[in-house]
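Accompanying notes for the structure given below.
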There are 2 protein chains.
Amino acid sequence: MATIKDVAKLASVSVSTASIALNGNKNVKTETRVRVLEAAKKLNYRKNGSAADLKKSQTKTLALIVDDLSGPFFSELIKGVQDVTLSKGYDLITCSAIGGENSTPTRFLLEKRTDGVIILAHTLKNEMILHASMEGFPIVLLDRQLDSRHTIHIQVDNEQGAYNAVHYLISLGHRSIAYVSGNATSTDNHCRYRGFQKAMDEFGLEQPDKWNISGSFTEEGGYHTTKMLIMQGQLPSAIFYANDEMAIGGIQAFSEKGIKVPEDVSIIGFDDILLSRYTTPALTTIHQPKYEMGSLAAHLIFRALSGESFEQQLYTLETRLVKRSSCRQV
Amino acid sequence: MATIKDVAKLASVSVSTASIALNGNKNVKTETRVRVLEAAKKLNYRKNGSAADLKKSQTKTLALIVDDLSGPFFSELIKGVQDVTLSKGYDLITCSAIGGENSTPTRFLLEKRTDGVIILAHTLKNEMILHASMEGFPIVLLDRQLDSRHTIHIQVDNEQGAYNAVHYLISLGHRSIAYVSGNATSTDNHCRYRGFQKAMDEFGLEQPDKWNISGSFTEEGGYHTTKMLIMQGQLPSAIFYANDEMAIGGIQAFSEKGIKVPEDVSIIGFDDILLSRYTTPALTTIHQPKYEMGSLAAHLIFRALSGESFEQQLYTLETRLVKRSSCRQV
DNA sequence: CTGTTAGCGCTTTCAT
DNA sequence: ATGAAAGCGCTAACAG
């Protein structure tokens, strides 16, 4: 493997001149540059990025760490991040947090391989993030709180979103509303449930225990909990699913039992994932500004990188009700 | 930022001993190791990955380069890659090829930052890949041919898949079948069209020019070409869309005009993206083994990395017909 | 415009 | 079991 030394030798210049020429710097005679470039080509020279990084102590790279690269959230988020990263001339790499303690993310968080990192991953331990956080290494945490002076937080107003969802259902005339919960341990789930309750309380609505069921944040989870709901006999007139994936599983379960949405039961989801537009009926849901989240996150990283310090460390984004066809007026 | 030197000093050992202790090597007295680890903790020491890579000349990292991280293809592919990468104790990072010549992928291809790379990206220039390819740096190209001794190729049998699709349509009794083409420049598109033609020829079926329309491989492309098809008056009894996204756009266009699928027109797609299960009607399509593709790609990388040389440089994967509800018997 | 020089932080022989 | 020393490949003063 040819190094810059070999190139310099073949072009009969010093290593530094070779470096300058190779990196497109102006301060070289065109003739010399050409000679160096030709030598590089002849030797099939490839710069060693690690060596350059080591020397320059910045990598011009950002990392995005997510739990699941194939998740419905990821694709829209990344667009937001990517658009601004690219516009700043930075590279973006993404990796998944699955694989536990000593896997990929560790190296990016702990080994100074990127200039900053954006995290949307709950499997990553607090401890590790805390350990990585330090002056001059911006970390933006999405949908996750951490008590550290060195991290920046972006969250979505889950409570308000859930409140709006239920409020909408009530405005449509629904009075018996069930909550199908996601993972009980999830903060998102808690906030959404709080919003649900707040709206119910405000309108003096009861919610029998049997209509408060919990599953996991997946299509399957939604499917099974809905089956249970159906088996219990009497259905509520509307159901609030803690996320779209669950709602989609729910639609499936209803359809199998010949129960019509929204004629027999109205349902509303949360997230507004791409799929929710395509289900039958199209899913009414609470839109999360995923793109904005990504782009804000990247912006904040760059602001931090340019030395700005933040009085504000928590940014809250608003949700939006998206009316489609899964809720009816009663 | 504390370096290993600082740690060594604080622990009153030499740098080499510190390195050994820090990397969990056996040859240190437990007492010494503890002292080093404590010093590291106190100084909040973080290893500089670039320096380590520079020295070790392997990164234990693979890169996956795709055109679009948010594309429907990506998520299934990555699972396949990730599963085997993880099992080998390697890291996987992904990046998008958008951004042109001197963007992220360049650095991974050309700057020795990873031990190997898997590419599913058509925006990356041949020239660049060729330039990167060399002994000892395995590159696996998906759905793309290149004339280089140093690259390994995996492709899906697009022609056979398309042939099967059309054959199925014909077996259902369809005789007038249109082909809605993707980007004319795409090899995939060519192969699929060849398969289409082969089947048509075999059964002595004509295809009027007006039923051979081309768009782009997107939902929008499918939508617009379908609109055009409709405007031309007489419809074929079945349509083969060059991919699922286009077919989904087509369904949309038909639905807007009150034309029923599959009652009025049967449609079939290609790819079997996740979404195709959820459209109304659910889309009949040709399944591409995306997961298998990813996992095979990763396997081949590791085999190459372990010094194996390949007589075979082209692997062809078979497709599979997935019958859902968008085609009817005539 | 070009060459000399001094490391970046780490790993790794080779002695001890 | 530990330390001294060399050097991975590159960049960036600085001097000429």
Side-chain angles (χ1 to χ4, degrees), chain A residues 1-37 39-40 43-61 106-108 110-115 134 136-137, chain B residues 1-37 39-40 43-61 106-108 110-115 134 136-137:
Chain A
M1 182 83 211
T3 74
I4 198 172
K5 250 180 184 158
D6 305 317
V7 175
K9 192 180 293 171
L10 184 59
S12 331
V13 295
S14 74
V15 184
S16 51
T17 306
S19 172
I20 292 169
L22 253 8
N23 287 301
N25 198 304
K26 284 268 102 191
N27 300 7
V28 218
K29 233 195 304 181
T30 318
E31 188 201 311
T32 320
R33 148 164 305 113
V34 170
R35 221 170 54 241
V36 172
L37 260 25
L43 295 173
N44 193 21
Y45 165 74
R46 238 79 58 67
K47 149 194 319 212
N48 183 322
S50 308
D53 285 351
L54 173 56
K55 191 67 202 178
K56 295 203 296 201
S57 68
Q58 54 144 289
T59 60
K60 282 242 178 197
T61 304
T106 325
R107 310 180 58 201
F108 290 105
L110 262 30
E111 299 185 3
K112 202 184 148 203
R113 289 179 141 83
T114 61
D115 295 350
M134 56 178 287
F137 182 66
Chain B
M1 181 84 210
T3 75
I4 198 173
K5 248 181 185 158
D6 305 316
V7 175
K9 192 180 293 172
L10 183 59
S12 331
V13 296
S14 74
V15 182
S16 48
T17 306
S19 172
I20 293 169
L22 253 7
N23 288 301
N25 197 304
K26 284 267 102 189
N27 299 9
V28 219
K29 234 194 306 184
T30 318
E31 186 201 311
T32 320
R33 150 164 304 112
V34 171
R35 220 169 56 239
V36 172
L37 260 24
L43 294 173
N44 193 21
Y45 166 75
R46 237 79 59 64
K47 148 191 327 210
N48 183 322
S50 308
D53 286 350
L54 173 57
K55 194 68 203 178
K56 297 204 295 201
S57 69
Q58 54 142 288
T59 61
K60 282 244 180 195
T61 304
T106 324
R107 310 181 57 199
F108 291 104
L110 263 29
E111 298 185 3
K112 203 184 146 204
R113 290 180 140 83
T114 61
D115 294 352
M134 57 178 288
F137 182 66

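Chain identifiers are assigned alphabetically (A, B, ...) following the order of the sequence lines, protein sequences preceding nucleic acid strands; residue numbering begins at 1 within each chain.
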Give me, pair by pair, the N or O atoms of the protein and of nucleotides 9-13 of chain C that are less than 3.5 Å apart, along with how far apart they are.
{"residue": "C:dC10", "atom": "OP1", "partner": "B:Y45", "partner atom": "OH", "Å": "2.5"}
{"residue": "C:dC10", "atom": "OP1", "partner": "B:N48", "partner atom": "N", "Å": "3.2"}
{"residue": "C:dC10", "atom": "OP2", "partner": "B:I4", "partner atom": "N", "Å": "2.4"}
{"residue": "C:dT11", "atom": "OP1", "partner": "B:N23", "partner atom": "ND2", "Å": "3.4"}
{"residue": "C:dT11", "atom": "OP1", "partner": "B:K47", "partner atom": "NZ", "Å": "3.4"}
{"residue": "C:dT11", "atom": "OP2", "partner": "B:S19", "partner atom": "OG", "Å": "2.9"}
{"residue": "C:dT11", "atom": "OP2", "partner": "B:N23", "partner atom": "ND2", "Å": "3.4"}

Rounded to the Å, how far apart are A:D6 CG and D:dC8 C1'? 13 Å
When the distance from CD of B:E31 to C1' of D:dA1 is rounded to whole Å, what number comes out? 11 Å
Check whether any side-chain heavy atom of B:T17 lies under 4.5 Å from a side-chain heavy atom of B:T32, and answer yes or no. yes
What I'd like to find out is whether the side chain of B:K47 reaches to under 4.5 Å of the side chain of A:K112, using heavy atoms alone. no
Pairwise distance OG1(B:T61) to CZ(B:F108) - rounded to 0.5 angstrom: 8.5 Å
Side-chain heavy-atom pair B:R46, A:E111 within 4.5 angstrom cut-off: no
Taking atom types as modelled and ignoring hydrogens, do the side chains of B:S12 and B:R35 form a donor-acceptor contact shorter than 3.5 angstrom? no
Provide, to the nearest angstrom, the distance between the NZ atom belonging to B:K29 and the C1' atom belonging to D:dT2. 9 Å
Indicate whether any N or O donor in one side chain lies under 3.5 Å from an N or O acceptor in the other, for A:S19 and A:S16. no
Is it true that A:D53 and B:R113 have a side-chain N and a carboxylate O under 4.0 angstrom from each other? yes
Pairing string of DNA chain C (Watson-Crick or G-U wobble, both atom distances under 3.5 Å; | = paired to other strand) is ||||||||||||||||
Contact class for A:S57 (heavy atom, under 4.0 Å): base, sugar-phosphate, or nothing? nothing
A:L22 vs A:L37, test: side chain to side chain contact (heavy atoms under 4.5 Å, CB included). Steps then yes/no. CA-CA 7 Å; A:L22 253 8; A:L37 260 25; 3.6 Å; yes
Expressed as a whole number of angstroms, how long is the span from A:N27:CG to C:dG3:P? 14 Å
